[in-house]
Amino acid sequence: MFSTKRLTRLRAVLERRVESGAVPGVLAVLARRGEVHVESVGTLAFDGGSPAMATDTIFRTASMSKPIVAACAMTLIEDCSLRLDDPIDDLVPELANPRVLADPAGPVDDTVAAARPITVRDVLAFTLGTGMVPDEAPVAGALNALGAPALDEWVARLGKVPLVHQPGERWLYDTGSDVTGVLIQRATGQTFGTALRERILEPLGMKDTGFSVEPANFGRFATAYDVEDGPDGAVVEDVPETGRWSAPPVCESGSGGLVSTAEDYLAFASALLAGGTYHGTQVLSRAAVTLMTSDQLTPEQRAVSGFYPGYFATTSWGLGLGIVTDRTRLGPSAGSYGWNGFYGTSWYNDPAEELTAILIQQRAHAGDATLAFQRDFWTGVYQSLT
């Protein structure tokens, strides 16, 4: 299971993170073969009087929203409301017959016709042809100007911007999860949030997961901080009482709009690890989980995609989440799956080890310092396994 002696090394990693002043608190949850281990260090905010980090602390999941959204889409594939290889044209006519940039780094008005339609699989696998691009690309301005209106207005604006690449040509991050929200909303005839709640959150008992936080729960909601401290100390990025999640949003963003708790996210992760079932409730079939957590990218797509050259050398993408394809350091085994979040959060399931590990902090990514801490966290997790 876990070595009690070796878990002290993991706690030391978390303590160093708090003692460095990077975050006021950090929480780690490890679950394996029925045993759950929690390490909590520090508090919810730098104010000196906040409660301690706990498994019911509410945190911003940021991009850890993406796997939950993808799982909701998989329930629609299971009931045949969506089909993976069907075009999205009927449900999202705004993205039918798209134009594609002749040169991804070229002018926005120089386009060609798409070689084929965008499919549901493209959306979930992030191969729909649009997503995050370098700031220096002319199309970046148009994509950044989309804003955060209601989903129908957002996708109407997106449809006026040419695709960056041909559908299926390469992986581009982020936008696919928001298009997934549009698909879910239109396939169900419900709001995205309602469909997500009825199909995933309520069946799994994820009572604190959603697109906003009730005022009664502000006391459990951790404060988020910006990448760097300002001249007078820590810079508050988002506070519970007046921040982005203090009221229901206009745009229910599947790419990064959810809040959750370690308890809730553990329920979701545990359901996937158990083949779609949690405490007797089957949310997804084992086949759907296997498909969702399997590599969806071709070698050709991986070779030209990623956040930097060589990014996909040891990892890949499933349907709405990352896949580990090769273990090169002390960390998740090949076949593990999960994802990270903008505020330094991380989650992976490792089927080979029957392990779920969740890391929670609320500090925007700080480059090498954040990456070094996360690598130490995963080292601490895996060296503790017996």
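Atoms considered below: every heavy atom in the structure, side chains included; atoms not considered: hydrogens, waters and symmetry mates.
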Quick one, D208 with T261, criterion side chain to side chain donor-acceptor pair (under 3.5 Å). Give me CA distance, side-chain angles, the key distance, then yes/no.
CA-CA 6 Å; D208 287 317; T261 65; 4.5 Å; no

Using a 4.5 Å cut-off on heavy atoms from C-beta on, say whether the side chain of [Y] contacts that of [X].
X	Y	answer
D110	D103	no
F2	T386	no
W245	P240	no

Strictly below 4.0 Å, N to O, side chains only: are [X] and [Y] in salt-bridge contact?
X	Y	result
D152	R186	yes
R11	E39	yes
K66	D178	no
D238	R244	no
R302	D295	yes

Would F221 and F59 count as a ring-ring contact (aromatic ring centres under 6.0 Å, His included) if you check the C-alpha gap in whole Å, the side-chain angles of each, and the deciding distance to 0.1 Å?
CA-CA 6 Å; F221 191 15; F59 69 98; 9.4 Å; no

Under 3.5 Å, is there a donor on one side chain and an acceptor on the other for [X] and [Y]?
X	Y	answer
S260	T209	yes
Q301	R170	no
R220	T57	no
S384	R6	no
T328	D326	no
Y173	S63	yes
D122	T127	yes

Would you find a donor on one side and an acceptor on the other, under 3.5 Å apart, between the side chain of [X] and the backbone of [Y]?
X	Y	value
R32	M1	yes
T277	A274	no
S305	W171	yes
D89	V92	no
R60	A222	yes
Q166	A113	yes
T130	L163	no

For ring-ring contact (aromatic ring centres under 6.0 Å, His included), just list the numbers for Y343 and Y225, CA-CA rounded to whole Å, side-chain angles, deciding distance to a tenth of an Å, and then say yes or no.
CA-CA 8 Å; Y343 292 102; Y225 294 88; 9.8 Å; no

Do I358 and V26 sit in the same hydrophobic cluster, where Ile, Leu, Val, Met, Phe, Trp and Tyr count as joined when their side-chain heavy atoms come under 4.5 Å apart?
no

Are W317 and F312 an aromatic pair by the rule of ring centers under 6.0 Å?
no

Are the aromatic ring centres of F268 and Y278 under 6.0 angstrom apart?
no

Just to verify, which of W378, Y265, W339, F377 counts as forming a ring pair (Phe, Tyr, Trp, His ring centres under 6.0 Å) with W347?
Y265

Which of E198, Q185, R199 passes side-chain hydrogen bond (donor to acceptor under 3.5 Å, both in side chains) with Q190? It is E198

Which of these passes side-chain hydrogen bond (donor to acceptor under 3.5 Å, both in side chains) with Y337: D350, N349, T293?
N349

Side chain to side chain donor-acceptor pair (under 3.5 Å), that's the test. Do Q362 and E237 meet it? Break it down for me.
CA-CA 10 Å; Q362 295 286 268; E237 195 278 338; over 6 Å; no

Would you sort out whether S246 and T242 count as a side chain to side chain donor-acceptor pair (under 3.5 Å), showing the intermediate values?
CA-CA 6 Å; S246 62; T242 58; over 6 Å; no

Counting only heavy atoms not in R116 (residues, nucleotides, ligands), do more than 12 fall under 6.0 Å from its CZ?
yes

Between CG on residue L359 and CG on residue L30, distance to nearest 0.5 Å:
10.0 Å

